[in-house]
Amino acid sequence: MQTLLIATEESHIFLRLVNGGSQTLDSIKDFVGRIFADVFCRKPNFDLVDQRISEHSGILPCALQDMIETVGDQCQLRTKNWFSQRKGCNNKGDSQPVFNVLDTMLKDSLDRLKMMRECCISWAHVGSSFCSLETNYTQHVSIIRTLCLEGKPGAAIWLKNKMIHNDVIPDVITHNYIVNALCKAGELKKADWIVSEMSYWGPSPNCATYNTLMKGYCLVDDVDRALDLFSTMGNRGVMPNRVTCNVLVHALCKKGLLEDALNLLEEILDDNFFDKENSNLITSTILMDGYFKSGDTMQALIFWNDMIQRGSQMDVIAYNVAIHGFCLSQDVTVAYQYLSEMLKSGFLPDAFTYNTLISALCKDGRTDEACYIHSVMSRMGVSPDQISYKMLITSLCIQGYVMKASEFLLSMLESSIVPEPVIWNALIDGYGRAGDTEKALSIRDQMAEFGVVPNIFTYNILIHALIKEGKIVEAHSLKKEMLSNGLFPDLVTYNLLVGAACGNGDIRSALQLHDEILRRGYNPDIVTYTELIKCYSMKGKVMEAEKLFANIRRSGLPIDHVPFLILMKKYCKRGDLNMAFDLYQVWCIMDFISHTTTHLFILAVNAVERMKQLYCIDMVTGHSIGCSLWTGSHGGFAGLLVPTRTLELAA
DNA sequence: ATAGCACCAT
């Protein structure tokens, strides 16, 4: 794969082209020209192209020239970074920083291009000419609103400015659409700016404007700023309404500040026109949801009963919240009761209702029952969506029912739903766990055929599966493959490979990988080091293991119990009581007992037993170890699941 | 009709 940046036209638009062929500069120009004509109905100015290329030719010793030669037919627009894979290009290390600098410079230009292109597309929708200035107000406004609903605020603002430039001011509702789109995109600075502009130039913000902006701040977890706005909007002549109240109460509930939510509610209700008694169903639903989620089922039920008593006409959402609430408190039976209540009251369950139940059943390991709900859902005319299938397929795969899971995937495809990457990944993992790496790889291919791009999880899952089957060479070639697809191995990838090398006792490869991690700019974590410690310890190089262990502790890296366990096991095996006991003391000081699981527990006790056998140790020491492990809060571990990491490393 | 509540997540 090759990368090329091209500058075109006075607006400094850069296109990045990727391909693997070999072409001349003219063919590049031809290609860019065609793209440009598509987008702008105009020819690009190539003088600038040539100028840019020559400007950068000094700092791009071979990369750019190489790439100019190799841009070919199957050009496609890409935005990712690609490393040069072509042999003979020795300076690939040098070219990347240059691209990074260029990328930064060009980002804005690319955004601009995107925005203009989006605008063109929406313009085409209404059958209006892009270049015509005589488009009427209604059409412009309608395009802006459409763009906002499609999540393209940049293009919408561009068009809004164009209107204002022509002395036509969009109304407040259209402005609100823009503020809303910006908030949904997390662009709070821009949203805030638009609202300031509105205050200054008009149209004056209304209550919906402030509500939208407040909601935006809440979405980025800046509830304080939202509350600020709330307290100042009155001064600007806009009174809060019920929606304002719901936005803020919801935000506070989400933060777990239920008391604050109630207080605020009181305050708003006291100060405002809407009456307290006939409190709104939505507000109550929000609060009920908040209490359910905080684990206070009793208080949640008080809200529910209040709502009933007040004679509020319930709605599907209120029922869904209650059903979800009981699922949270692991009371699916009660959830079912509320479901039947819901049906009796004449409300039809929707996708939320069914998905809530499916989720609870899957988490409870009752996958067959979840499948039953899926069938009910379909028969009731509610189409299962990505979420329904996601839960069912992952749950089935975890439980080992991969065949059943792939049937569900098939029915998704039959319903013309293209599964999200996570669903494919679950299935790939399912086959990997079953030891069928071939099938796992073929699912990956199938995924790609459906146009779903394998992501870092896909590769890590595959690499994990291959390593588990001892196919380390294949795992490494998969790592190469991800690079050629523009995906960089992450720390998980490396830890898998380090683990594989260590498992083979191949400390040299493990250390090489460790260096590669550093070269890539990642920081090895506790998993990486634990693998290395395990490897040293396995090879009998206990001194090396101890040295590394001491280094980790000195480095201040967050540490867990696994390295302790490895060394402890080693000492116990060697019958090195003193070292084992010292380590145990450190272990207690660092409070890892609370992280201990059943498995570790048994191992440690076995170790103590073994030490007793070997050394006939005095009862005080031996007893104290055994005792502190068996008593206190640690007695309750029997039912806990053992994390994979403990099993794999400690086994 | 511009703003408010519910489901998932390798």
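Hydrogens, waters and symmetry mates play no part in the numbers below; they use all other heavy atoms, side chains included. Bear in mind that the values here come from a model prediction, so they are computed numbers and not experimental data. First the proteins, then the strands, lettered A, B, ... as listed; each starts at 1.
- No side-chain donor from either of A/Asn176 and A/Thr212 sits under 3.5 Å from a side-chain acceptor of the other.
- Counting heavy-atom neighbours within 6.0 Å of A/Lys439 NZ, excluding the residue itself, gives a total of 12 or less.
- Heavy atoms of A/Asp289 sit under 4.0 angstrom from primed sugar atoms or phosphate atoms, though from no base atom.
- Note on A/Lys254: nothing from the nucleic acid sits closer than 4.0 angstrom, heavy atoms only.
- Of the residues in residues 397-415 of chain A, not one places a heavy atom less than 4.0 Å from an atom of DNA chain B.
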What do the steps show when you test A/Glu481 against A/Tyr459 for side chain to side chain donor-acceptor pair (under 3.5 Å), and what is the final call? CA-CA 9 Å; A/Glu481 187 192 305; A/Tyr459 280 100; 3.0 Å; yes
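- Relative orientation of the A/Phe303 and A/Tyr291 rings is parallel, given thresholds of 30° and 60° on the angle between their planes.
- The environment of A/Tyr401 atom OH is sparse: at most 12 non-hydrogen atoms of other residues, nucleotides or ligands sit within 6.0 angstrom.
- Counting any heavy atom pair closer than 4.0 Å across all strands shown, A/Lys215 reaches sugar-phosphate atoms only and no base atom.
- For the pair A/Met447 and A/Pro421, the minimum side-chain heavy-atom distance is below 4.5 Å.
- Heavy atoms of A/Ile282 sit under 4.0 angstrom from at least one base atom.
- Minimum interatomic distance between A/Phe292 and A/Ala322 (heavy atoms only, all atoms of both residues): CE1-CA, 3.8 Å.
- In this structure, the separation between CG on A/Asp445 and CD1 on A/Ile428 is 9.0 Å, given to the nearest 0.5 Å.
- No engagement by A/Thr394 is indicated, since no non-hydrogen atom pair under 4.0 Å with the nucleic acid exists.
- Along DNA chain B, the stretch of nucleotides lying under 4.0 Å from any heavy atom of chain A spans, 5' to 3', B/dA1 to B/dT10.
- In the displayed structure, A/Tyr372 atom OH is contacted under 6.0 Å by at most 12 heavy atoms of other residues, nucleotides or ligands.
- The minimum heavy-atom distance linking A/Met307 with A/Ala318 is given by the pair CE-CB, 4.1 Å.
- Side chains of A/Glu341 and A/Tyr319: no donor on one and acceptor on the other come within 3.5 Å.
- At a threshold of 4.0 angstrom between heavy atoms, the contacts of A/Asp385 with the nucleic acid are absent.
- Heavy-atom distances under 4.0 Å link DNA chain B to A/Ile173, A/Asn176, A/Tyr177, A/Asn180 of residues 172-197 of chain A, given in residue order.
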